[in-house]
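What's counted below: heavy atoms across the whole structure, side chains too, no hydrogens, waters or symmetry copies.
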Amino acid sequence: MLKKRIIPCLDIKDGCTVKGINFEGLKNAGDPVELAKKYEQEGADELVFLDITATLEDRKTFVELVRDIARELSIPFTVGGGISSVEDVRKLLEAGADKISINSSAVKNPKLISDLANEFGSQCIVVAIDTRWVGEVDLVHIHGGRKATELTTVEWARQAENFGAGEILLTSMDGDGTKNGFDLRITKLVSENVSIPVIASGGAGAVKDFVKVFNETNATGALAASIFHFNEIGIQDLKQQLKTQKIEVR
């Protein structure tokens, strides 16, 4: 049994950490380098950095900012946003990223997953899936959640694994920023239909939400942002409480 991971997320816009609700209404959440230092000290298992407007603005991820953050970290560091080639990934890994996350570019060109996995190893390639319940189906969204695709979420997760992804970062857009709890339904569906690790994202608001997602789904990691940024839950305290619930954390 894989030990569960607690993963803070830095959503970056214009070089600052931001947080919104359902991918909208973004507000400043602090300096990303200082937050990275804080999470390292507090015992986070990994850190995720998502340059959330890189694809929309048709530019690359802030490599210098990635380098500045990586200098402060010894924990695994995943970086995403605007990545569309082997060369993009090479630059980010050289800047200190341990893993990279691709979303829109993978949907548009699934072979990119294979190309990156062949070049750098599957363990390095995270496919991020932004999902929303539309009508009667879970649909994958791209371009920072602004554009719905015709891909259903579970089927795309399966395809991503087949193409060589080493991990899925699954964000429920319906839950994002609401603090109403992780979307257990879609997390359970996806995590039971792939054999690679799944990180649950979107909706964390209390310790009980982490307990539920780990007890009721096969997610091996849980990602959150605002509850950590605004000191609503401390990572050490969260881990201690998970241990009292017999949930093995790193």
I would like to know whether Leu112 and Phe163 meet side chain to side chain contact (heavy atoms under 4.5 Å, CB included); could you show each step before the answer?
CA-CA 9 Å; Leu112 177 65; Phe163 276 106; over 6 Å; no
Could you give the distance from [atom1] ([X]) to [atom2] ([Y]), rounded to the nearest 0.5 Å?
{"X": "Lys212", "Y": "Ile247", "atom1": "NZ", "atom2": "CD1", "result": "12.0 Å"}
{"X": "Met173", "Y": "Arg146", "atom1": "CE", "atom2": "CZ", "result": "9.0 Å"}
{"X": "Ser104", "Y": "His141", "atom1": "OG", "atom2": "NE2", "result": "11.5 Å"}
{"X": "Asp98", "Y": "Leu73", "atom1": "CG", "atom2": "CG", "result": "8.5 Å"}
{"X": "Thr78", "Y": "Leu169", "atom1": "OG1", "atom2": "CG", "result": "8.5 Å"}
{"X": "Ser201", "Y": "Asp130", "atom1": "OG", "atom2": "CG", "result": "8.0 Å"}

Pairs involving residues 81-116, ordered by first then second residue, that meet ring pair (Phe, Tyr, Trp, His ring centres under 6.0 Å) (sequence neighbours left out)
none
Any pair with a residue in residues 184-222 that passes ring pair (Phe, Tyr, Trp, His ring centres under 6.0 Å), sequence neighbours left out, goes on the list, sorted by first then second residue, please.
Phe182-Phe210
With the side chain counted from C-beta on, respond yes when [X] and [Y] share a heavy-atom pair under 4.5 Å apart, and no when they do not.
{"X": "Phe228", "Y": "Cys9", "result": "no"}
{"X": "Asp138", "Y": "Thr152", "result": "no"}
{"X": "Gln159", "Y": "Leu151", "result": "yes"}
{"X": "Val198", "Y": "Thr217", "result": "no"}
{"X": "Leu189", "Y": "Thr153", "result": "no"}
{"X": "Leu242", "Y": "Val211", "result": "yes"}
{"X": "Phe49", "Y": "Leu65", "result": "yes"}
{"X": "Arg5", "Y": "Pro76", "result": "no"}

Donor-acceptor pair, [X] side chain versus [Y] backbone, under 3.5 Å?
{"X": "Ser114", "Y": "Gly164", "answer": "no"}
{"X": "Lys4", "Y": "Ala219", "answer": "yes"}
{"X": "Asp209", "Y": "Ala206", "answer": "yes"}
{"X": "His229", "Y": "Ala224", "answer": "no"}
{"X": "Asp45", "Y": "Ile6", "answer": "yes"}
{"X": "Lys108", "Y": "Ser84", "answer": "no"}

Salt bridge (Lys or Arg N to Asp or Glu O under 4.0 Å) between Lys37 and Glu34: does it pass, once the steps are laid out?
CA-CA 5 Å; Lys37 277 189 207 172; Glu34 292 305 313; 3.4 Å; yes
For Ile100 and Ile125, what are the C-alpha separation, side-chain angles and deciding distance, and is it a side chain to side chain contact (heavy atoms under 4.5 Å, CB included)?
CA-CA 6 Å; Ile100 60 92; Ile125 312 305; 4.0 Å; yes
Are [Y] and [X] linked, directly or through intermediate hydrophobic residues, by side-chain heavy-atom contacts shorter than 4.5 Å (ILVMFWY only)?
{"X": "Trp133", "Y": "Ile186", "answer": "no"}
{"X": "Val137", "Y": "Val140", "answer": "no"}
{"X": "Val154", "Y": "Val134", "answer": "no"}
{"X": "Val33", "Y": "Leu92", "answer": "yes"}
{"X": "Ile129", "Y": "Leu139", "answer": "no"}

Where do [X] and [Y] come nearest, in terms of heavy atoms and distance?
{"X": "Asp88", "Y": "Gly82", "value": "OD2-O, 3.7 Å"}
{"X": "Ser101", "Y": "Leu50", "value": "OG-CD2, 4.1 Å"}
{"X": "Asn218", "Y": "Ser191", "value": "N-OG, 3.1 Å"}
{"X": "Ala165", "Y": "Val127", "value": "CB-CG2, 3.6 Å"}
{"X": "Gly166", "Y": "Ile196", "value": "O-CB, 3.6 Å"}
{"X": "Thr187", "Y": "Ala200", "value": "CG2-CB, 3.8 Å"}

Does atom NZ of Lys188 have more than 12 heavy-atom neighbours from other groups under 6.0 Å away?
no
Hey, are Glu87 and Arg90 close enough for a salt bridge, meaning a charged N less than 4.0 Å from a carboxylate O?
yes
Using a strict 4.0 Å threshold on nitrogen-to-oxygen distance, state whether Lys91 and Glu94 make a salt bridge.
no
Using the rule given for side chain to side chain contact (heavy atoms under 4.5 Å, CB included), can you reason through Thr131 versus Trp156, listing the C-alpha separation, both sets of side-chain angles and the distance that settles it, and then say yes or no?
CA-CA 10 Å; Thr131 179; Trp156 173 233; over 6 Å; no
With side chain to side chain donor-acceptor pair (under 3.5 Å) as the criterion, how do Ser226 and Glu232 come out once you've worked through the C-alpha distance, each side chain's angles and the decisive distance to 0.1 Å?
CA-CA 8 Å; Ser226 54; Glu232 292 164 35; 5.3 Å; no
For Lys38, salt bridge (Lys or Arg N to Asp or Glu O under 4.0 Å) partners two or more places apart:
Glu42
Go through it in stages, so that I can follow the logic: the residues are Ile69 and Leu10, the test is side chain to side chain contact (heavy atoms under 4.5 Å, CB included), and I'd like the CA-CA distance, side-chain angles, deciding distance and then a yes or no.
CA-CA 11 Å; Ile69 293 171; Leu10 305 176; 4.1 Å; yes
For the pair Arg158 and Glu161, evaluate salt bridge (Lys or Arg N to Asp or Glu O under 4.0 Å) and give the outcome as yes or no after the intermediate values.
CA-CA 5 Å; Arg158 282 199 195 113; Glu161 178 178 20; over 6 Å; no
